[in-house]
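Below is one structure, written out as structure tokens; comments come after it.
Numbers restart at 1 for each chain; the letters A, B, ... are given by sequence-line order, proteins then strands.
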Amino acid sequence: MTKQIDKMRMDIESRIKRTIGIVSGLLALFFCYQSNIFPIELGDERANSYVSGFQIGIYITLMLLYLAKLAKYRRALKDEALLKQLYYQENDERVVYVNQQVGKSAMSINTVILLFAALVAGYYNITVFVTILVIIFVENIIQFILEKYYTNRVSVGKTEEE
Amino acid sequence: MKDKGIIVKTRIRELRKLHKLSQAELADAVGTTRQTITSIEVGKYTASLVLAYKIAKYFNLSIEEVFDFSEVDMEG
């Protein structure tokens, strides 16, 4: 168990570095937004304000989420019991099973919803219609690649079969 | 991991009581969460082979002595 906890500690240390990188990136993007480096020019005041509000919301929410993660990781590094608890939580096989089931179902439900959305959008706006089709296409390509990857990871080659 | 319709009954609760052990203590000893032990005990979740082995080993028993596989269909 100590070996796994040591590995987890190293993993948490690299996660902290990664999280700091992400928060810095978000801060840089937020700064770019505030400095109007990439101005939103949709030609419509209401649309500009809507997108602008959305951007602020996204930056702030993501930063808060990552800062909370950072605090959790730092606490875990200082407290062995917390680190152990975090390890159990993240590696618990029931949680892994639940996540697998969620991923499996969410993908199929997403595709069906997007197909219906594309059908409806087709009546009103060609850009939205094409965008949704591209999303469905990309989503399914990613699923196909991941399926191939994980199938290969748990399969043996022909030579080993005999 | 969990076959639909197959419930593997376990003696975990009985063994815990015998050893005066809480779910949290057992969970800690075998490297899982208390919630997982609860789910296995009530038959909501079937433990993986590795976890079943760890639990059995903890009580110094074989897997078959802790988990009841009598309802598992060998052909299906």
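The OH atom of A:Y97 sits 12.5 Å away from atom OG1 of B:T36, with the distance rounded to the nearest 0.5 Å. Summarising the geometry, atom CD belonging to A:E93 is positioned 9.0 Å from atom OG1 belonging to B:T33; distances are rounded to the nearest 0.5 Å.
In the hydrophobic clustering (ILVMFWY side chains linked at under 4.5 Å, chained through shared members), A:I145 is joined by A:F137, A:I141.
For B:E25, the side chain to side chain donor-acceptor pair (under 3.5 Å) test picks out B:S22, with sequence neighbours left out.
A 6.0 Å sphere centred on OH of B:Y53 holds no more than 12 heavy atoms belonging to other residues, nucleotides or ligands. Environment of OH in A:Y66: sparse, with no more than 12 heavy atoms of neighbouring residues, nucleotides or ligands closer than 6.0 Å. Atom CD of A:Q34 has more than 12 neighbouring heavy atoms from other residues, nucleotides or ligands inside a 6.0 Å radius.
Using a 4.5 Å cut-off between heavy atoms, B:T32 contacts chain A through both its backbone and its side chain.
The minimum heavy-atom distance between B:S39 and A:R94, with the atom names listed, is OG-CD, 3.5 Å.
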**Study point:** side-chain contact (heavy atoms from CB on, under 4.5 Å) assessment of B:Q35 paired with A:V95
**Key:** CA-CA 10 Å; B:Q35 289 90 333; A:V95 175; over 6 Å; no
